[in-house]
Engineer: 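First, the structure itself, so that you have it in front of you.
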Amino acid sequence: MSAYSLPTDVEAEIVRLLYGQAADVNWTYLPDAERTRLYQQWTADPQIGGRLLPFVGTPENVRPWIKDGPMKEYTRATYGVGKYAPLIAKPTTSVDTLVEKALGSGWSVDLESLDIKPLKVVIQRQDDEDVEQRFTWGPVRDFKHLAWAAITAQADGDPLPWVICAVDSFVRRVTPAQKATHERIAQRLGLVVAHVTDG
């Protein structure tokens, strides 16, 4: 994304509008066709695209700024990560809760180990700190990216077992077929997969 001299207060106002509307439509789990429709709507919106235009130069630059900037960061921001996190009105489920839903109680999350591409942390058994795993999480649609991150890291020498937490929502649940496929892939790759519903 190109760097534009967008005033901080204007950027914050625009991102708040985007994130508010994204939350209303459950953006994280929205199909691509509906995302495309929203990008068009936001680009034409005087309060969003109209306010951006003086700073990004041409109408053709509005959508890339929205897509590659705030909306690329949206999911991470909902988990409290990144520069736009303070602009999220309703944060999503915390990683501590995701770990408990995925693996049960008895795990501690080492937030100092947080990495963001993809989101992942080291977790430790509370009764035995020598037992560690790497816990990565994201929307169900990102399962392949999470799995790829795990096998790439292990191929590069990461000694920790990986847990992939695929998150869905109450309104867009993972299908039994998707779940079975994920479990077969995880078993073949030597990974643990858990499916957790946000909220």
Engineer: To check you understand the geometry: which heavy-atom pair defines the closest contact between Leu53 and Thr58, and what is its length?
Structural biologist: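 Shortest heavy-atom contact: CD1-C, 3.4 Å.
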Engineer: Looking at His182, Gln154, Glu183, which one forms a side-chain contact (heavy atoms from CB on, under 4.5 Å) with Leu191?
Structural biologist: Gln154
Engineer: Please report the closest heavy-atom contact between Thr197 and Ser169, naming both atoms and the distance.
Structural biologist: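 For Thr197 and Ser169, the tightest heavy-atom pair comes out as CG2-C, 3.8 Å.
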Engineer: Using the rule given for side chain to side chain donor-acceptor pair (under 3.5 Å), can you reason through Glu73 versus Tyr19, listing the C-alpha separation, both sets of side-chain angles and the distance that settles it, and then say yes or no?
Structural biologist: CA-CA 10 Å; Glu73 292 286 324; Tyr19 282 7; over 6 Å; no
Engineer: Mind checking whether Val81 and Leu98 sit in one hydrophobic cluster, side chains of I, L, V, M, F, W, Y counted as touching below 4.5 Å?
Structural biologist: yes
Engineer: Backbone N or O of Ala149 within a donor-acceptor pair of the Thr152 side chain at under 3.5 Å?
Structural biologist: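 Side chain of Thr152 to backbone of Ala149, a donor-acceptor pair under 3.5 Å: no, none is there.
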Engineer: Closest heavy-atom contact between Thr28 and Arg35?
Structural biologist: O-NH2, 3.2 Å
Engineer: I would like to know whether Val122 and Glu112 meet side-chain contact (heavy atoms from CB on, under 4.5 Å); could you show each step before the answer?
Structural biologist: CA-CA 9 Å; Val122 172; Glu112 295 294 318; over 6 Å; no
Engineer: Side-chain contact test, heavy atoms from C-beta onward, threshold under 4.5 Å: evaluate it for Trp42 versus Leu18 and give yes or no.
Structural biologist: yes
Engineer: If we only count heavy atoms from C-beta on, is the Arg172 to Pro31 side-chain gap below 4.5 Å?
Structural biologist: yes
Engineer: More than 12 heavy atoms of other residues, nucleotides or ligands under 6.0 Å from NZ of Lys67: is that the case?
Structural biologist: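 Result for NZ/Lys67: open.
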Engineer: Sequence neighbours excluded, which residues qualify as side-chain contact (heavy atoms from CB on, under 4.5 Å) partners of Gln40?
Structural biologist: Thr36, Arg63
Engineer: Kindly indicate whether the side chain of Trp27, heavy atoms from C-beta on, has any atom under 4.5 Å from the side chain of Thr78.
Structural biologist: no
Engineer: For Glu34, does the CD atom sit with more than 12 other heavy atoms under 6.0 Å from it, leaving out its own atoms?
Structural biologist: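 Atom CD in Glu34 is crowded, with more than 12 foreign heavy atoms closer than 6.0 Å.
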Engineer: Could you tell me whether the side chain of Val167 reaches within less than 4.5 Å of the side chain of Thr93, counting heavy atoms only?
Structural biologist: no
Engineer: Can a donor-acceptor pair be found between the side chains of Gln47 and Arg51 at a distance below 3.5 Å?
Structural biologist: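 Result is no, nothing qualifies.
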Engineer: Check whether any side-chain heavy atom of Pro118 sits under 4.5 Å from a side-chain heavy atom of Trp137, and report yes or no.
Structural biologist: no
Engineer: Counting only N and O atoms by type, is there a donor-acceptor contact under 3.5 Å from the side chain of Asp168 to the main-chain atoms of Val140?
Structural biologist: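 Not a single qualifying donor-acceptor pair exists.
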Engineer: Please identify each residue that fulfils salt bridge (charged side-chain N to carboxylate O under 4.0 Å, His left out) with Asp115, with sequence neighbours left out.
Structural biologist: Lys120
Engineer: Is it true that Trp107 and Gln133 share a donor-acceptor pair across their side chains at a distance under 3.5 Å?
Structural biologist: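 No, no side-chain donor-acceptor contact under 3.5 Å.
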Engineer: Please examine the side chains of Glu11 and Tyr84, heavy atoms only from C-beta on, and report whether any two atoms are closer than 4.5 Å.
Structural biologist: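 With C-beta onward as the side chain, the pair touches.
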Engineer: Ignoring hydrogens, what is the shortest heavy-atom contact between Cys165 and Leu146? Give both atom names and the distance.
Structural biologist: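 Closest approach of Cys165 to Leu146, heavy atoms only: O-CD1, 4.0 Å.
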Engineer: Do Val95 and Leu111 come within less than 4.5 Å of each other through their side chains, counting heavy atoms only?
Structural biologist: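 Yes; the side chains approach each other to less than 4.5 Å.
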Engineer: So do Gln21 and Asp45 actually touch side chain to side chain, heavy atoms under 4.5 Å?
Structural biologist: yes
Engineer: Can you name the closest pair of heavy atoms from Thr43 and Tyr39 and give their distance?
Structural biologist: OG1-O, 2.7 Å
Engineer: Using atom types as modelled and distance alone, determine if a side-chain donor or acceptor of Arg125 lies under 3.5 Å from a backbone N or O of Val131.
Structural biologist: no
